[in-house]
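Working notes, structure below.
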Amino acid sequence: MEKYVLLGTVLLLLLGTGCQEIQLNNGERVVNEHGSIKNINALNTFVSNVKDQKKAKINVISYGIEGQKLFEKITFNGDYLNVHRSVDKNFIEEYQCEGIFVEENELEKRYILKQCTGDFTGEMELLTLKK
């Protein structure tokens, strides 16, 4: 009986470690559920890495009023940001941006993609954090 308990514990540890590695390989994840934002520190780290010209990845997931799932996969290759957007796993658009900046006032903090071209042109507000 002890062998099965030990084997089960080892398998759980291996599975847990494997899942964590997959998450790290796909980038950090920020979730916006109707203004309730989880893991904002990952986005701040991403912005810092872009500013320092370090390669980085992040996934931003936002949920619509009717439950739609907007998925934005953003990668920085050291030169520009590549943004791939989909809703409920259906591709919407892809574009490149020259950078990301944070605009802050007493009411909110906004994360904005700048100088974007491709399927979208201009500035795109990625996320707004209410204070």
Side-chain angles (χ1 to χ4, degrees):
M1 179 73 168
E2 278 184 43
K3 290 180 187 178
Y4 294 117
V5 171
L6 181 60
L7 180 62
T9 303
V10 169
L11 285 174
L12 282 173
L13 287 172
L14 289 173
L15 285 173
T17 303
C19 292
Q20 185 176 11
E21 186 64 32
I22 290 169
Q23 178 63 30
L24 290 173
N25 287 339
N26 290 329
E28 289 288 332
R29 192 173 274 202
V30 177
V31 178
N32 178 5
E33 292 185 77
H34 312 290
S36 175
I37 299 170
K38 296 179 177 96
N39 202 18
I40 194 66
N41 289 334
L43 184 56
N44 291 326
T45 299
F46 178 79
V47 170
S48 179
N49 285 338
V50 171
K51 183 179 178 181
D52 294 340
Q53 300 291 299
K54 295 180 184 175
K55 292 182 180 180
K57 296 179 191 175
I58 194 151
N59 299 313
V60 179
I61 301 166
S62 301
Y63 291 92
I65 295 170
E66 297 177 2
Q68 310 93 328
K69 182 178 178 181
L70 171 65
F71 185 83
E72 297 171 285
K73 179 180 179 180
I74 307 169
T75 56
F76 181 66
N77 65 6
D79 293 322
Y80 62 88
L81 295 161
N82 189 67
V83 182
H84 182 275
R85 299 179 86 204
S86 60
V87 171
D88 294 331
K89 298 184 181 180
N90 296 314
F91 173 78
I92 297 178
E93 61 190 353
E94 188 167 16
Y95 50 91
Q96 292 72 42
C97 303
E98 290 196 14
I100 183 169
F101 68 95
V102 179
E103 188 177 274
E104 192 168 1
N105 62 38
E106 61 276 347
L107 301 175
E108 62 190 14
K109 186 175 187 178
R110 297 172 55 214
Y111 296 83
I112 302 169
L113 300 170
K114 63 180 181 178
Q115 298 176 345
C116 302
T117 59
D119 292 338
F120 172 82
T121 302
E123 290 186 350
M124 169 68 75
E125 186 173 315
L126 181 62
L127 193 71
T128 298
L129 182 64
K130 303 288 183 188
K131 291 185 177 181

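A search for side chain to side chain donor-acceptor pair (under 3.5 Å) contacts involving Lys89 returns nothing, not counting sequence neighbours. Take Glu103 and apply the salt bridge (Lys or Arg N to Asp or Glu O under 4.0 Å) test, not counting sequence neighbours, and it matches Arg110. The side chain to side chain contact (heavy atoms under 4.5 Å, CB included) check on Glu33 picks up Val31, Lys38, Tyr63, with sequence neighbours excluded. Shown here are the salt bridge (Lys or Arg N to Asp or Glu O under 4.0 Å) partners of Glu94, two or more places apart in sequence or in another chain: there are none. With sequence neighbours excluded, no residue forms a salt bridge (Lys or Arg N to Asp or Glu O under 4.0 Å) with Glu123. Scored by the side chain to side chain contact (heavy atoms under 4.5 Å, CB included) test, Asp52 finds Ser48, Lys54 as partners (sequence neighbours excluded). For Lys131, the side chain to side chain contact (heavy atoms under 4.5 Å, CB included) criterion is met by Glu104, not counting sequence neighbours. For Leu129, the side chain to side chain contact (heavy atoms under 4.5 Å, CB included) partners are Ile37, Ile40, Lys109, not counting sequence neighbours.
Cluster membership check: Val60 does not share its hydrophobic cluster with Ile112, using side-chain heavy-atom separations under 4.5 Å among Ile, Leu, Val, Met, Phe, Trp and Tyr. Linking Ile, Leu, Val, Met, Phe, Trp and Tyr whenever their side-chain heavy atoms come within less than 4.5 Å puts Val102 and Ile100 in one cluster. Met124 and Phe46 fall within a single hydrophobic cluster, where Ile, Leu, Val, Met, Phe, Trp and Tyr are joined by side-chain heavy atoms under 4.5 Å apart, directly or via other members. Cluster membership check: Ile61 does not share its hydrophobic cluster with Ile74, using side-chain heavy-atom separations under 4.5 Å among Ile, Leu, Val, Met, Phe, Trp and Tyr.
For the atom pair CD of Glu72 and CG of Leu113, the computed distance is 7.5 Å after rounding to the nearest 0.5 Å. Interatomic distance, Leu127 CG to Glu108 CD, rounded to the nearest 0.5 Å: 10.5 Å. A distance of 10.5 Å separates CD in Glu98 from CG in Asp79, rounded to the nearest 0.5 Å. From Arg85, atom CZ reaches atom CD of Glu93 across 5.0 Å, with rounding to the nearest 0.5 Å. For the atom pair CG of Asp119 and CD1 of Ile92, the computed distance is 10.5 Å after rounding to the nearest 0.5 Å. Taking NZ from Lys57 and CG from Leu81, the interatomic distance works out to 14.0 Å, rounded to the nearest 0.5 Å.
No side-chain heavy atom of Glu28 sits less than 4.5 Å from a side-chain heavy atom of Thr45. No side-chain heavy atom of Asn82 sits under 4.5 Å from any side-chain heavy atom of Asn77.
Residue pairs meeting the disulfide bond (SG atoms under 2.5 Å apart) criterion with at least one member in residues 62-131, sequence neighbours excluded: Cys97-Cys116. For residues 53-85, no pair satisfies disulfide bond (SG atoms under 2.5 Å apart), with sequence neighbours left out. The list of ring pair (Phe, Tyr, Trp, His ring centres under 6.0 Å) pairs with a residue in residues 76-119, not counting sequence neighbours, reads His84-Phe91, Tyr95-Phe120. Listed by first then second residue, pairs satisfying disulfide bond (SG atoms under 2.5 Å apart) with a partner in residues 45-81 number zero, not counting sequence neighbours.
Summarising the geometry of Asn49 relative to Ala56, their closest heavy-atom pair is CB-CB, 3.9 Å, with the distance given to 0.1 Å. Nearest heavy-atom pair across Asn39 and Val30 is O-CG2, 3.4 Å.
The main-chain N or O of Lys69 is found under 3.5 Å from a side-chain atom of Asp88 such that the two form a donor-acceptor pair.
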